[in-house]
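Shown next, in structure tokens, is the structure this report addresses.
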Amino acid sequence: MKKLSPWIILIACSSFIILHFYNLSHYLINFPTWGDDYLFLAYFSDLPRLEGKEYWIRSTEFHNYIHRIVGARFITQFYHFFSDEFNFKTLTIATNILLLSLLYPLYQLVNKINRLHVIPVVGLLFAWNGNMDNLTLIGVLVHATSMVFLIWIAYLIAQNKTRNIGIWLSLIYPFISSEGLAFIPIIVFFLIYERDRKAWLYAFSGLIMGAIYFWGYVSPPEEVVSSSLISKLLFLVQGTLIFLGGAVKHQVLLATAIGGIFLSNTLFILWRYHKTKDSQLLFAGIVLTQILATGAMITLGRAQDGNFNTLFAERFSFYGSVFICITYYSWIQPNLMPSISFQKTYLILPALAWIGISAYTAYPKLQNLKTRLLADASNAAYFQMNTFYSFGPHESHLLKKSGVYQFPRTLLDTSAKISKELRLEAFPSYEAKIREFRVQGQGNILVYSAGRAFCFLPINALSHSVKIKEDVPFNERTSSFALIR
């Protein structure tokens, strides 16, 4: 059995990876998943004309006020070396290949304990529901590359021979993703704790990098919310716990409780590292602490209006996937709870069960994604509109006039036959500026208004409904509908 185990491990891990890339290939089309993706098409189309100072400005400019995303733009530029045509699907799949680099440090760490644990670690990393964000271009270019960078940096810092390399490389983390701004203080505290003489030099270097990062920063307009310092701190803590617990359950109270367990586990890992100086616990502690800090930053940036449900967005799903993966890794450490005699290989069973549940949960979401992308591409091509996010002349120009993009060939039919039985029933409004309607069937609905094709609406297979922005001039009572499966 021992001779067969490496092959079993290889086959099992390969299956997780192959299924991940199958999902990318099968469910994605050459079209933006969200409005943020257009910035990469714009950057790509402008690259041949960018020189000198203008090139530097475009490569480092802020996105949505606070995000530099220099790393994402450099990946886009690297893609430009190989292609004169911009393909959202191709770039998304290509960037996902970076996840494979994590197999090396994770294997090296897990193999020191028990090689069998490589199977659940890889499976949890590539869990379907936790990788929904990696099916979006901005998600994989920013959030996934952030986690790849974090795990590699934590791996280097945890090894004595490579610690200095990891520490100094961490200074560029903010330019990979803005949560890297929180990583620099974490390393400063770590160096002070280790009584490392370069702590103050690193801190000074961190201030310089921060100054460079915020050079030219203009703060967004904010609504003044009066609350006490204690209220703000409690809000921040609760939001961070909800962010962590959201990796398991999208319900505020349950997510808060689960997040509390995750936080306690992280603090226990750090305490055990303090007692044992175990480098493997240090690795887990660094990764988990940084994701905690990321949750706090996202709470401040996304949930200031008090709506904690925004922390459950799929765009943050991969942070949860990595957190669960590294939490599992921490639980198999012999120095975590040495006084408790427990066969750690039994943990493989619940991990595999979670991987299966993740796939089961994600399957209808994947179907919804493909349905929506087909509707979005068809709406942009035929009607110069989008029913979910902002779409104007700039986006339409990039798609049709930039000369670097071609619409997919699988656009929906604009002459489908009207179904008299198809009716839309209005829902109460749960999302700001979004109208929702109950509908029977699967696929997409072609809306006819005043006798002409007006737009496509994708049917959500989970809620059996369609959604449309309030600013779209749509009247469900005077419109006719055709179902496209």
Side-chain angles (χ1 to χ4, degrees), residues 34-44 46-47 50-77 137-139 141-147 149-150 153 168-189 200-227 229 232-233 235-236 239-240 243 290-305 307 310-311 313 315-316 319 389-390 392 394-395:
W34 292 112
D36 290 332
D37 293 349
Y38 284 98
L39 77 94
F40 300 109
L41 173 58
Y43 180 69
F44 183 95
D46 290 343
L47 270 174
L50 297 180
E51 294 181 357
K53 183 179 179 181
E54 186 180 5
Y55 164 77
W56 177 257
I57 292 173
R58 285 296 303 278
S59 299
T60 61
E61 64 184 352
F62 284 105
H63 167 63
N64 281 351
Y65 294 103
I66 189 64
H67 308 292
R68 285 284 190 186
I69 57 173
V70 178
R73 291 191 177 100
F74 281 176
I75 293 173
T76 304
Q77 183 176 354
L137 183 57
I138 194 167
L141 281 173
V142 180
H143 304 151
T145 53
S146 171
M147 291 295 95
F149 190 82
L150 171 62
I153 289 296
W168 294 112
L169 276 178
S170 68
L171 289 170
I172 67 171
Y173 194 175
F175 298 94
I176 305 297
S177 184
S178 55
E179 62 251 28
L181 293 168
F183 194 70
I184 292 176
I186 290 173
I187 298 304
V188 170
F189 283 120
W200 305 112
L201 177 60
Y202 178 87
F204 179 71
S205 301
L207 289 174
I208 293 176
M209 297 303 288
I212 294 173
Y213 183 93
F214 283 106
W215 185 271
Y217 171 73
V218 178
S219 61
E222 296 182 0
E223 295 182 4
V224 178
V225 179
S226 59
S227 59
L229 178 61
K232 291 179 179 178
L233 289 174
F235 165 80
L236 183 61
T240 303
F243 175 81
Q290 171 58 18
I291 297 177
L292 274 165
T294 300
M297 292 182 69
I298 292 174
T299 298
L300 290 174
R302 297 283 182 174
Q304 285 190 355
D305 59 355
N307 182 14
T310 58
L311 301 174
R315 67 173 54 204
F316 308 132
Y319 295 112
Y389 54 78
S390 177
H394 173 66
E395 288 77 14

Looking only at heavy atoms, which two atoms of [X] and [Y] are closest? And how far apart?
| X | Y | value |
| --- | --- | --- |
| T240 | L292 | CG2-O, 3.5 Å |
| I184 | P174 | CD1-CG, 4.0 Å |
| T294 | Y319 | CG2-CE2, 3.9 Å |
| F316 | L311 | CD1-O, 3.8 Å |
| M209 | L171 | CE-O, 3.5 Å |
| I186 | A293 | CD1-CB, 4.2 Å |

Exercise for the section: Ignoring hydrogens and angles, tell me if any N or O in the side chain of E395 forms a donor-acceptor pair with the backbone of G392 under 3.5 Å. Expected result: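 Yes; judged by distance alone, with no hydrogens or angles, the pair exists.
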
Exercise for the section: Report yes or no: does T299 contribute a side-chain atom to a donor-acceptor pair with the main-chain N or O of G295 at less than 3.5 Å? Expected result: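 Pair found, side chain donor or acceptor close to backbone of G295.
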
Within this structure, what is the [atom1]-[atom2] distance for the pair [X] and [Y], rounded to the nearest 0.5 Å?
| X | Y | atom1 | atom2 | result |
| --- | --- | --- | --- | --- |
| I69 | L39 | CD1 | CG | 5.0 Å |
| S177 | L141 | OG | CG | 11.0 Å |
| W168 | L201 | CH2 | CG | 4.0 Å |
| M297 | Q290 | CE | CD | 8.5 Å |
| E179 | I291 | CD | CD1 | 9.5 Å |
| R315 | I138 | CZ | CD1 | 7.0 Å |

Handout entry: Between Y202 and S170: side-chain donor-acceptor atoms closer than 3.5 Å
Key =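 Side chains of Y202 and S170: pair found under 3.5 Å.
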
Exercise for the section: Please check if any side-chain donor atom of Q77 sits under 3.5 Å from a side-chain acceptor atom of Y55, or the reverse. Expected result: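 There is such a pair between these side chains.
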
Handout entry: Derivation and outcome, side-chain contact (heavy atoms from CB on, under 4.5 Å), residues F214 and I66
Key = CA-CA 8 Å; F214 283 106; I66 189 64; 3.6 Å; yes

Handout entry: Set of ring pair (Phe, Tyr, Trp, His ring centres under 6.0 Å) partners for F149, sequence neighbours left out
Key =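 Listed in chain order: Y173.
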
Problem - Qualifying side chain to side chain donor-acceptor pair (under 3.5 Å) pairs, either residue in residues 65-76, two or more places apart - result: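 Residue pairs passing side chain to side chain donor-acceptor pair (under 3.5 Å), neighbours aside: H67-S178.
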
Practice task
Report the C-alpha separation of N64 and D36 in whole Å, then their side-chain angles, then the decisive distance to 0.1 Å, and conclude whether the side-chain contact (heavy atoms from CB on, under 4.5 Å) test is met.
Solution key: CA-CA 9 Å; N64 281 351; D36 290 332; 3.9 Å; yes

Practice task
Can you establish whether the number of heavy atoms outside F189 located under 6.0 Å from its atom CZ is more than 12?
Solution key: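 Check fails, neighbour count at 12 or below.
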
Problem - Heavy-atom side-chain proximity of F62 to V218 below 4.5 angstrom - result: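 Result no, sub-4.5 Å side-chain heavy-atom pair not found.
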
